[in-house]
*Asks:* 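Have a look at this one before I ask anything.
So that the names make sense, note that chain A is the first sequence line, chain B the second, and so on, each numbered from 1.
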Protein chains: 2
Amino acid sequence: MTSLDPARVISDLKELRQLTGDQDGSQRIAFTTLWSTARSWLKAKCDEIPIENHLDAAGNFWATLKGESQRELLIGGHIDSVPNGGWLDGCLNLLAGLEILRRIHHQYKGKPPITIRLVDWADEEGARFGKSLFGSSACAGTLDMNEARVLKDKDGIELPAALRAVGIDFEKVKDSGVELKHAAAYLELHIEQGPVLLDKGLALGAVLGTFGVERHAITFYGQAAHSGSTPMNRRRDAFLAAARMSSEIYEIAQRYGGVCTIGSCKTKPGIVTSVVEECRITLDQRHLDPSGLAAMFADAKTASERFAHDCKVTVLWERLWQIDPILFDAQLMDWCEESIQETCGKCMRLPSGPLHDAAEVSLAGIPTSMMFVQSLHGISHNKIEDTKEEHIELSVVALDRLADKAMRWIASIK
Amino acid sequence: MTSLDPARVISDLKELRQLTGDQDGSQRIAFTTLWSTARSWLKAKCDEIPIENHLDAAGNFWATLKGESQRELLIGGHIDSVPNGGWLDGCLNLLAGLEILRRIHHQYKGKPPITIRLVDWADEEGARFGKSLFGSSACAGTLDMNEARVLKDKDGIELPAALRAVGIDFEKVKDSGVELKHAAAYLELHIEQGPVLLDKGLALGAVLGTFGVERHAITFYGQAAHSGSTPMNRRRDAFLAAARMSSEIYEIAQRYGGVCTIGSCKTKPGIVTSVVEECRITLDQRHLDPSGLAAMFADAKTASERFAHDCKVTVLWERLWQIDPILFDAQLMDWCEESIQETCGKCMRLPSGPLHDAAEVSLAGIPTSMMFVQSLHGISHNKIEDTKEEHIELSVVALDRLADKAMRWIASIK
């Protein structure tokens with residue numbers, strides 16, 4: 001008989017929303033006052049159990065229920081949100097994890113067979129400095145220090161200065177890696193940030209891994225010319241070439257089964273009376289398979305060169321960011337699927353388009369598993385983000401079952 | 001035997017370039033110090049003849065050679081330039097006109113049969129306040145006072161305040177209309193701002209009139225969605241719809257023989273990780289025939305609605321500006337062509353894509369004629385703007401012939 005109370009997760013989530021949201025949504029942007037408020041609230045919840053908790057060198061919050069073995073099962077999430085964010089992204093994970101900690105604490109009278117830890121990663125969203133997964137990448141050791149050191153927010157404040165203001169020494173953030181020393185497995189529940197489960201009518205899904213990403217800026221260079229005096233056949237129109245990429249990426253995505261997005265288009269001189277001289281678009285391509293990703297990138301490049309030639313302009317590609325696909329642990333994946341089946345009878349496996357802290361933990365070599373719960377509108381990073389309460393409860397139950405399976409497995413390791 | 005010296009126009013132009021240009025081109029932006037310097041230089045040149053000159057209520061500069069009749073032949077141009085502008089746009093007209101004044105003054109010993117006037121229109125380019133043809137539209141009476149009163153430059157300074165600083169009372173600018181009381185004809189020479197004469201291998205052309213313009217902002221409204229988690233078939237991508245307009249306007253322009261330009265594209269939220277929610281493009285359409293212009297506009301609107309429907313987005317059109325085509329005087333056009341034929345044996349009639357002060361004078365009901373001289377690169381509003389010196393000389397000769405024909409006609413009017 002378990003003391004797990006999924007309804008308590010919902011009331012905790014509502015309490016947090018009341019405390020740190022407004023009419024535009026959640027406002028727990030990392031390293032701000034409301035974020036600190038949310039963390040104090042979380043710490044108080046952990047103190048109620050009671051269990052040890054502390055901040056690590058990167059500002060990640062850890063709450064630890066010591067067990068018979070020092071081997072650890074980690075359950076993670078992030079309390080930070082984007083500006084005007086949803087009420088579930090990041091904190092559903094945390095508060096479901098907290099409830100599981102309560103259940104295990106109660107069931108094992110404060111001394112489970114292995115150590116169970118809840119982690120609230122610092123600045124998953126990267127809303128202020130444009131660098132997501134800050135805390136988890138520092139902890140996993142993958143953070144590029146030289147790149148991160150010079151990141152600036154929109155007011156020109158550098159990341160190291162912002163960290164100093166909340167008591168974190170930027171140069172020491174990777175010391176947080178020590179927290180993973182005894183980690184044996186990592187679990188993360190998350191609201192799906194798309195409509196796949198919604199379209200399939202499923203409450204829960206087991207996540208295969210995170211898409212690899214190729215992110216580029218593509219700039220076409222033509223010739224500014226007067227809109228009234230330049231015959232159409234004499235134009236070298238950079239917008240004409242860039243615009244052709246728009247339909248093309250839909251064909252490329254379909255050809256290989258990935259996703260491609262042009263998110264930004266900027267024109268120079270950008271005035272109503274001139275042919276566009278310079279047009280810069282951004283292209284974000286994602287695929288779960290490295291060869292699919294490479295093929296999508298190659299096709300987009302070839303197409304851009306063809307369009308540039310056709311429009312008598314030139315084209316330049318500049319890589320903004322790249323990450324390989326990350327596949328989650330196969331054994332945990334089976335148990336994740338099993339847990340979902342036991343909870344609601346139906347499951348699907350699906351990739352994650354967005355990255356998550358789980359990807360960083362997986363890169364650190366720790367067996368990792370993620371579970372998605374259906375998003376009602378398929379929308380995230382928006383105040384309308386929502387999930388049916390019955391689905392939230394199912395997700396807590398399924399994650400708890402997965403935690404139980406993982407705990408038994410870790411305890412059995414010789 | 002005439003005393004016309006076309007080479008002197010070239011040396012005057014070079015003198016002006018030396019005085020008011022730099023390595024980036026001409027810098028005679030209206031209402032700035034360099035513009036005033038250029039005007040003082042022009043006044044000194046007029047004083048050499050010598051003839052009366054003054055500024056009117058809108059800041060236009062008039063130099064008047066009084067004749068036997070008070071009926072006037074006007075020759076106009078503008079000494080203001082865009083930032084980093086060419087050395088010919090606007091001042092070739094003026095300095096050719098000045099040379100013709102010298103010739104007539106010399107030939108008729110200071111008393112020609114009719115009155116001949118040179119006008120330097122104030123702020124033709126509209127580089128600072130985004131409103132071109134300021135001085136000529138004030139004089140012609142077409143200036144929209146309510147619209148102009150609130151124009152601001154990029155520093156937030158309003159047009160009336162900028163005018164006050166150079167001694168012009170904004171509320172009285174239309175009093176300048178009195179200058180046109182005795183005007184019988186208006187002539188303007190201009191460097192072609194496109195490559196039509198260049199492509200035909202012609203030095204000079206007679207201008208049929210100025211294109212009518214339909215200028216709109218077109219905004220497509222879709223749905224922001226995460227680039228990684230939103231399947232391609234679930235997207236409502238505003239950029240996809242807007243981009244389709246790009247090829248379409250080339251087909252529309254070809255269908256009706258006009259020109260269409262998308263000069264600006266802006267995306268919201270405009271970030272690499274989101275499908276575009278809102279995409280705003282500007283469309284500038286021009287045609288010499290009102291029905292052609294109307295058809296181009298209608299076809300673009302229909303196409304935009306089709307693309308919006310196909311991409312599951314909505315579209316909104318907003319008119320930024322509109323002007324009807326303006327056809328120049330048929331009789332003067334014949335003489336313009338005749339003058340060019342006599343000067344260099346070959347002529348073509350062509351429309352003007354850009355507007356010119358001549359269009360405003362024509363709207364005021366004064367018989368108007370324009371002549372174009374070949375542009376070497378088909379480029380204007382750029383320091384590389386250029387014309388062969390032999391073509392400049394031919395243009396001065398041809399304009400002088402046209403002035404002579406116009407003068408004889410005006411003198412003959414009963």
Side-chain angles (χ1 to χ4, degrees), chain A residues 192-196 199 210-211 213 215 217 223-232 234-235 237 239-240 242-247 250 253-254 259-267 269-276 279 281-284 286 320-321 352-355 375 378-382, chain B residues 192-196 199 210-211 213 215 217 223-232 234-235 237 239-240 242-247 250 253-254 259-267 269-276 279 281-284 286 320-321 352-355 375 378-382:
Chain A
E192 189 201 341
Q193 291 174 278
V196 176
D199 286 352
T210 56
F211 278 163
V213 183
R215 194 176 287 170
Q223 172 70 57
H226 194 288
S227 63
S229 61
T230 314
M232 302 307 284
R234 285 293 300 258
R235 300 184 175 204
D237 183 344
F239 182 65
L240 182 65
R244 290 198 184 167
M245 290 298 288
S246 172
S247 302
Y250 278 76
Q254 180 160 33
V259 288
C260 299
T261 306
I262 295 173
S264 162
C265 176
K266 286 181 183 161
T267 48
I271 55 175
V272 68
T273 53
S274 175
V275 173
V276 174
C279 186
I281 56 174
T282 59
L283 176 62
D284 179 285
R286 304 192 186 209
L320 299 177
W321 191 62
S352 172
L355 283 163
S375 166
I379 294 285
S380 69
H381 289 188
N382 192 297
Chain B
E192 189 202 340
Q193 292 175 276
V196 176
D199 286 351
T210 55
F211 278 163
V213 183
R215 193 175 287 170
Q223 172 70 56
H226 193 288
S227 64
S229 62
T230 314
M232 302 306 285
R234 286 293 300 258
R235 299 181 176 206
D237 184 343
F239 181 65
L240 181 66
R244 290 196 184 170
M245 289 299 287
S246 173
S247 301
Y250 278 75
Q254 180 159 34
V259 287
C260 300
T261 306
I262 294 174
S264 162
C265 176
K266 287 182 182 159
T267 48
I271 55 174
V272 67
T273 52
S274 175
V275 173
V276 175
C279 186
I281 56 176
T282 58
L283 176 62
D284 179 285
R286 304 192 186 210
L320 300 176
W321 191 62
S352 172
L355 283 163
S375 167
I379 295 284
S380 69
H381 289 188
N382 192 298

*Asks:* Which bit of B/Gln254 comes within less than 4.5 Å of chain A, counting heavy atoms only: side chain, backbone, both or neither?
*Replies:*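 For B/Gln254, neither part sits under 4.5 Å from chain A.
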*Asks:* Between A/Ala243, A/Cys265, A/Gly270, which residue shows the highest count of heavy-atom pairs closer than 4.5 Å to chain B?
*Replies:*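 Max contact count across the listed options: A/Cys265.
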*Asks:* When you compare the side chain of A/Gln223 with that of B/Ile379, does any pair of heavy atoms fall below 4.5 Å?
*Replies:*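 Heavy-atom side-chain distance check passes, below 4.5 Å.
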*Asks:* So, A/Thr261 versus A/Arg286: side-chain donor-acceptor pair below 3.5 Å or not?
*Replies:*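 Short answer, no.
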*Asks:* Between A/Arg234 and B/Asp199, is there a side-chain heavy-atom distance shorter than 4.5 Å?
*Replies:*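 The answer is yes, as the side chains (C-beta and beyond) meet within the 4.5 Å cut-off.
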*Asks:* So for A/Val196, is it side chain, backbone, both, or neither that comes closer than 4.5 Å to the heavy atoms of chain B?
*Replies:*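 Side chain only.
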*Asks:* Is A/Val259 close to B/Thr230 at the side-chain level, that is, under 4.5 Å between some pair of heavy atoms?
*Replies:*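 They are not in side-chain contact.
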*Asks:* Can you tell me if B/Ser264 uses its side chain to pair, donor with acceptor, with the backbone of B/Thr282 under 3.5 Å?
*Replies:*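 It does not hold such a pair.
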*Asks:* For B/Ala224, is it the side chain, the backbone, both, or neither that has a heavy atom closer than 4.5 Å to a heavy atom of chain A?
*Replies:*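 The backbone, not the side chain.
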*Asks:* Shorter than 4.5 Å, heavy atoms on both sides: which option in A/Gly194, A/Ser229, A/Pro231, A/Ala253 has the most such pairs with chain B?
*Replies:*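 Highest number of pairs under 4.5 Å: A/Ser229.
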*Asks:* For A/Phe239, is it the side chain, the backbone, both or neither that has a heavy atom under 4.5 Å from a heavy atom of chain B?
*Replies:*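 Contact with chain B involves both backbone and side-chain atoms of A/Phe239.
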*Asks:* Which heavy atom of B/Asp284 sits nearest to which heavy atom of A/Thr273, and what is that distance?
*Replies:*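 B/Asp284 and A/Thr273 have their closest heavy atoms at OD2-CG2, 4.4 Å.
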*Asks:* Is it the side chain or the backbone of B/Ser247 that comes within 4.5 Å of chain A heavy atoms, both, or neither?
*Replies:*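 Both parts, backbone and side chain.
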*Asks:* Between A/Cys260, A/Ala242, A/Ser375, which has the largest tally of heavy atom pairs under 4.5 Å with chain B?
*Replies:*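 Most heavy-atom pairs within the cutoff with chain B belong to A/Cys260.
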*Asks:* Between B/Cys279, B/Pro269, B/Gly263, B/Gly353, which has the largest tally of heavy atom pairs under 4.5 Å with chain A?
*Replies:*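 The option with the most such pairs is B/Gly263.
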*Asks:* Could you grab the distance from atom CZ of A/Arg235 to atom OG of A/Ser227, nearest 0.5 Å is fine?
*Replies:*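 Taking CZ in A/Arg235 and OG in A/Ser227, the distance rounds to 7.0 Å.
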*Asks:* Count the heavy-atom pairs under 4.5 Å between each of B/Arg244, B/Glu192, B/Met232, B/Met245 and chain A, then report the option with the highest count.
*Replies:*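 Heavy-atom pairs under 4.5 Å are most numerous for B/Met232.
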*Asks:* Taking every non-hydrogen pair under 4.5 Å, which of B/Ala225, B/Ala217, B/Pro195, B/Ser380 racks up the most with chain A?
*Replies:*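 With the most close heavy-atom pairs to chain A, the winner is B/Pro195.
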*Asks:* Measure B/Ile271 against the heavy atoms of chain A and call it side chain, backbone, both or neither at under 4.5 Å.
*Replies:*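 Just the backbone, heavy atoms under 4.5 Å.
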*Asks:* Atom NE2 in B/His226, atom OG in A/Ser352: separation rounded to 0.5 Å?
*Replies:*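 Reported value, rounded in 0.5 Å steps: 8.0 Å.
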*Asks:* Out of curiosity, B/Ser274 OG to A/Ile262 CD1, how far, rounded to the nearest 0.5 Å?
*Replies:*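 Nearest 0.5 Å value for the OG-CD1 distance: 13.0 Å.
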*Asks:* By a 4.5 Å heavy-atom criterion (distance strictly below it), what part of B/Tyr250 contacts chain A: side chain, backbone, both, or neither?
*Replies:*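 The answer is both parts of B/Tyr250.
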